[in-house]
S.K.: 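What follows is a single structure, and I will ask about it in a moment.
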Amino acid sequence: MNRRVVITGLGVVSSIGIGKDEFWKNLIAGKSGITPVTAFDTTEHFTHMGGEVKDGRASNDKVPTPVRNLYSRATQLALTATKLALEDARINNLENSVNDIGVCYGVTTGPIQVIEKINDIIIKKEKPPENLICQLPPHTTLAAIGRELKILGPNYVLSTACSAGNYAIGFGYDLIRLGKAKIIIACASDAFSRISFTGFNQFKAVAPEKCQPFDKNRKGMMVAEGAGVLILEELEHARNRGARIYSEIIGYGLSCDARHMTTPSVEGIVECMRNALKEAGIGPEDVDYISAHGTGTIANDRTECAAIKEVFGPRYREIPISSIKSMLGHTMGAASAIEAIACALAIAHDIIPPTINYETLDPECDIDCVPNEARRYTVNIAMNNSYAFGGNNASLLMKKNNS
Amino acid sequence: MSWQKDIVITGIGVISPIGEGREAFWQALRNGDVGFRKISLFDTSAFKVHIAGEITGFDPLAYIGKKDLRVLDRSTRLLLSASCLAIDDASLEITDENTFRIGVSVGATFGSLHSIAQFDIEGLREGPRYVNPSFFPNTVINSPASQVSIRFKIKGFNSTISTGFCASMDALVYAADFIRLGRADVVLVGGVEELCEETFMGFHNLGLLSGLDGREPLSCPFDRRRNGVILSEGAAVIVIETEEHALDRGAPILARIRSYSSAFTPDGDYKFRSGKGLKTAIENALSEASLAPEDIDYISCCANSTRELDRMESAVIREVFGEAVNHVYASSVKSMIGETYSASGALALAASVGAINKGFIPPTVNYLETDPECDLNHVVNKALDAEIKRALVTSSDPYGNNTVVVIEGVNNE
């Protein structure tokens with residue numbers, strides 16, 4: 001139970017870059033990944049922009065060609081990010097440790113594009129092929145990672161919507177603390193989805209041009225896709241093999257609003273952040289950076305800022321709080337995993353990624369949102385916030401590893 | 001915070017094709033009732049099979065009232081009703097004081113599939129601007145679980161695990177670990193799966209259903225005649241908490257969770273080719289609790305009347321249990337309930353708690369022809385009165401997951 005857990009590898013597939021280096025370079029340059037949607041025809045929708053992973057780079061060279069038609073896009077994104085993260089962690093030969101390696105996978109609706117493809121077939125009164133039906137369960141991704149890497153440890157799918165990434169990282173951290181694994185591949189992905197795009201459009205929650213978290217004139221979120229993978233490792237195990245340590249996970253907190261499926265609640269978010277601080281044994285004054293959930297909707301940003309004010313008191317304006325969703329859009333289940341990667345890199349480089357597209361102060365969101373330009377800043381402890389449909393909140397705390 | 005915390009079961013809620021509420025469910029298992037009937041929930045004329053474990057006469061109004069019922073899908077109604085029963089059974093009072101120490105952990109994989117698919121179909125048929133947004137929240141897999149938190153004001157945590165056949169067993173593992181880590185005192189552990197056209201089409205088109213050859217569908221685990229599953233639906237919710245917490249609040253203790261273990265089989269071929277992961281999971285569950293095979297009285301099998309799984313599970317049990325295999329009773333309640341996928345683990349756990357408390361082994365019904373490849377100490381066709389101290393419950397998924405839980409009665413140290 002006293003085992004410590006560190007992050008030793010990062011893999012990301014996003015609209016602004018594949019692999020942590022390209023991703024980080026573009027993130028601190030404030031580059032936007034939002035482009036016109038190509039995954040499906042948006043003529044009949046109210047909006048037409050989104051954050052897609054371009055040029056067939058979802059599968060890169062990491063997904064073997066013979067099995068590509070067996071893996072949904074969400075799985076391909078996850079597998080590519082997993083292999084990038086293992087390379088980054090310099091874990092090449094898994095053979096001797098497969099019993100000690102597990103996977104925690106976070107996802108919103110899993111192979112949602114598979115459901116959409118099947119619907120396209122059914123509506124034409126045709127019969128969907130078997131290899132498509134086989135991809136329907138979300139844990140197809142576990143099977144794919146299992147098949148590619150031959151790992152034998154505990155495997156879970158956490159499907160807690162837009163906070164799934166943090167739930168997966170959190171439970172991975174638990175499994176290592178409980179001694180059930182030495183290494184956990186904490187993974188999250190979601191593919192660009194017609195269902196999400198239609199649903200958020202019908203909610204009038206999608207911005208037409210750009211995502212502007214915390215801006216007075218913000219018009220909503222951007223539907224996006226991507227994958228993020230963090231290699232979590234027991235500290236001693238990492239030290240013994242001389243691994244590079246990005247940061248340490250020092251705790252996380254969960255809560256459930258238990259009020260409404262889609263409207264966030266200040267009380268729930270406050271409880272969640274406080275649970276995280278309590279578990280890590282630190283106070284609000286110890287947090288140097290907050291990676292906000294920051295979707296860019298009126299309701300989310302207002303509620304999140306109110307909760308931050310309550311937890312951090314009069315100091316809330318001194319803490320840099322940014323939302324990388326301003327650049328990536330909302331990658332659904334993957335979002336908090338990709339944001340955790342941004343936190344790990346912020347800690348490693350002492351640079352905070354910006355909230356881009358920021359123009360006008362909103363008195364309800366009068367935080368320091370690191371507007372438009374990255375900032376050099378010493379980040380010892382970062383908090384990664386995520387909220388979801390169903391009121392499923394999760395806050396993760398990471399710390400610079402000084403030892 | 002103690003690793004050695006004893007975790008106990010203090011309440012059970014069941015909505016199944018063979019009965020609602022734990023007493024009715026246990027009695028049905030003892031009677032050997034089967035829950036299969038002609039499907040009425042959707043048109044089956046395009047399918048070769050027309051029978052399933054559909055729950056008839058299910059009235060959510062009786063459990064959860066009218067509020068918001070219109071927008072709740074069938075999975076959510078089933079899970080809310082089972083939760084209501086479980087909370088009552090455990091005499092659990094959820095208050096402003098204790099709500100942050102209570103959590104919800106649910107196994108659901110295809111529970112929202114119908115809602116997701118229909119939301120998309122409406123967009124395709126009517127155009128995306130005419131889709132009803134009030135059904136959008138149902139398109140996340142965690143929506144049934146989250147509705148439990150909303151309905152019963154449970155604020156501690158809320159998680160959904162989607163690992164198919166192992167989902168609700170994994171939800172139990174997750175919940176028990178959370179209690180061990182001090183994150184919660186009480187957790188509602190659930191499993192849910194609704195019968196719908198989309199899931200039925202999946203099982204049908206992959207050739208997994210019994211009756212595809214035109215004959216009467218048959219759920220007969222371990223029987224030589226077995227030729228596929230009868231798809232089914234249901235929800236089970238189990239209230240777990242630390243023994244100390246249960247004693248403090250004077251709750252009746254139904255059983256103790258002795259150990260659990262998960263292991264993965266990375267074959268990736270969607271078939272039960274090797275039983276390596278299940279074998280590891282059973283071995284670890286026994287060794288973690290310092291139990292020998294002969295300490296287990298009853299194995300509640302996940303065998304579902306398919307050729308591969310039943311054969312694989314039998315072989316693994318024979319291998320792990322050795323000599324003891326002749327003395328340990330084995331059966332699969334799926335012969336009566338059918339295959340409820342994500343809910344199957346929670347239903348098997350609920351059945352095993354009944355076996356321990358009422359002193360009987362639920363039978364594998366429809367058993368006629370012995371299969372030498374499935375040679376276990378089967379209890380067939382009629383329940384057997386027997387004193388059970390410990391039951392081992394298995395779950396195995398063709399995509400690789402395996403989870404095993406050992407539960408025991410509380411008065412047998």
S.K.: A/Leu136 versus chain B, heavy atoms under 4.5 Å apart: side chain, backbone, both or neither?
M.R.: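 Both backbone and side chain.
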S.K.: Heavy-atom distances under 4.5 Å only: say whether B/Asp267 touches chain A with side chain, backbone, both or neither.
M.R.: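 The backbone, not the side chain.
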S.K.: Side chain, backbone, both or neither: which part of A/Thr140 has a non-hydrogen atom closer than 4.5 Å to chain B?
M.R.: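 Both backbone and side chain.
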S.K.: Would you list the pairs meeting salt bridge (Lys or Arg N to Asp or Glu O under 4.0 Å) in which at least one residue belongs to residues 121-149 of chain B, sequence neighbours left out?
M.R.: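 Qualifying pairs: none.
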S.K.: Return the option, out of A/Ser159, A/Gly146, A/Pro129, with the maximum number of heavy-atom pairs under 4.5 Å with chain B.
M.R.: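 Most heavy-atom pairs within the cutoff with chain B belong to A/Ser159.
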S.K.: Is the distance between the ring centroids of B/Tyr399 and B/Phe165 less than 6.0 Å?
M.R.: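 No, too far apart.
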S.K.: Could you tell me which portion of A/Glu271 (side chain, backbone, both or neither) has an atom closer than 4.5 angstrom to a non-hydrogen atom of chain B?
M.R.: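 Just its side chain gets close to chain B.
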S.K.: For a quick check under 3.5 Å, do A/Tyr105 and A/Asn155 share a side-chain donor-acceptor pair by atom type?
M.R.: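 Not at all, the side chains of A/Tyr105 and A/Asn155 share no donor-acceptor pair under 3.5 Å.
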S.K.: Quick check for you: among A/Pro154, A/Ala144, A/Ala161, which has the greatest number of heavy-atom pairs under 4.5 Å with chain B?
M.R.: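 The candidate making the most pairs under 4.5 Å is A/Ala161.
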S.K.: Look at the side chain of B/Ser105 and the backbone N and O of B/Ala171, then say whether any donor-acceptor pair between them is shorter than 3.5 Å.
M.R.: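 A pair under 3.5 Å: yes.
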S.K.: In terms of heavy-atom proximity below 4.5 Å to chain B, should A/Phe46 be classed as side chain, backbone, both, or neither?
M.R.: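 Both the backbone and the side chain of A/Phe46 come within 4.5 Å of chain B.
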S.K.: For B/Arg151, is it the side chain, the backbone, both, or neither that has a heavy atom closer than 4.5 Å to a heavy atom of chain A?
M.R.: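 Answer is neither: B/Arg151 stays 4.5 Å or more from chain A.
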S.K.: Quick one: do A/Glu267 and B/Lys155 satisfy salt bridge (charged side-chain N to carboxylate O under 4.0 Å, His left out)? Show the steps, please.
M.R.: CA-CA 10 Å; A/Glu267 182 203 45; B/Lys155 299 182 178 176; 3.1 Å; yes
S.K.: Heavy-atom distance under 4.5 Å to chain A: side chain of B/Asp397, backbone, both or neither?
M.R.: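 When you check distances to chain A, only side chain atoms of B/Asp397 fall under 4.5 Å.
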S.K.: Does the structure place the NZ or CZ of A/Arg4 under 6.0 Å from the centre of the six-membered ring of A/Tyr173, at an angle of no more than 45° from the ring's axis?
M.R.: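 Relative to the ring axis of A/Tyr173, which defines the angle, A/Arg4 lies outside at least one limit.
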S.K.: Tell me, side chain or backbone of B/Ile154 under 4.5 Å from chain A's heavy atoms, or both, or neither?
M.R.: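 Backbone of B/Ile154 only, per the 4.5 Å heavy-atom cut-off to chain A.
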S.K.: Given that the side chain runs from C-beta out, which part of B/Phe152 has a heavy atom under 4.5 Å from chain A: side chain, backbone, both or neither?
M.R.: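 No part of it gets close to chain A.
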S.K.: Test B/Thr109 against A/His139 for side-chain hydrogen bond (donor to acceptor under 3.5 Å, both in side chains), laying out the working first.
M.R.: CA-CA 9 Å; B/Thr109 307; A/His139 59 306; 5.3 Å; no
S.K.: Measure distances from A/Asn201 to the heavy atoms of chain B and classify the residue's part below 4.5 Å as side chain, backbone, both or neither.
M.R.: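 Contact with chain B: none, neither part.
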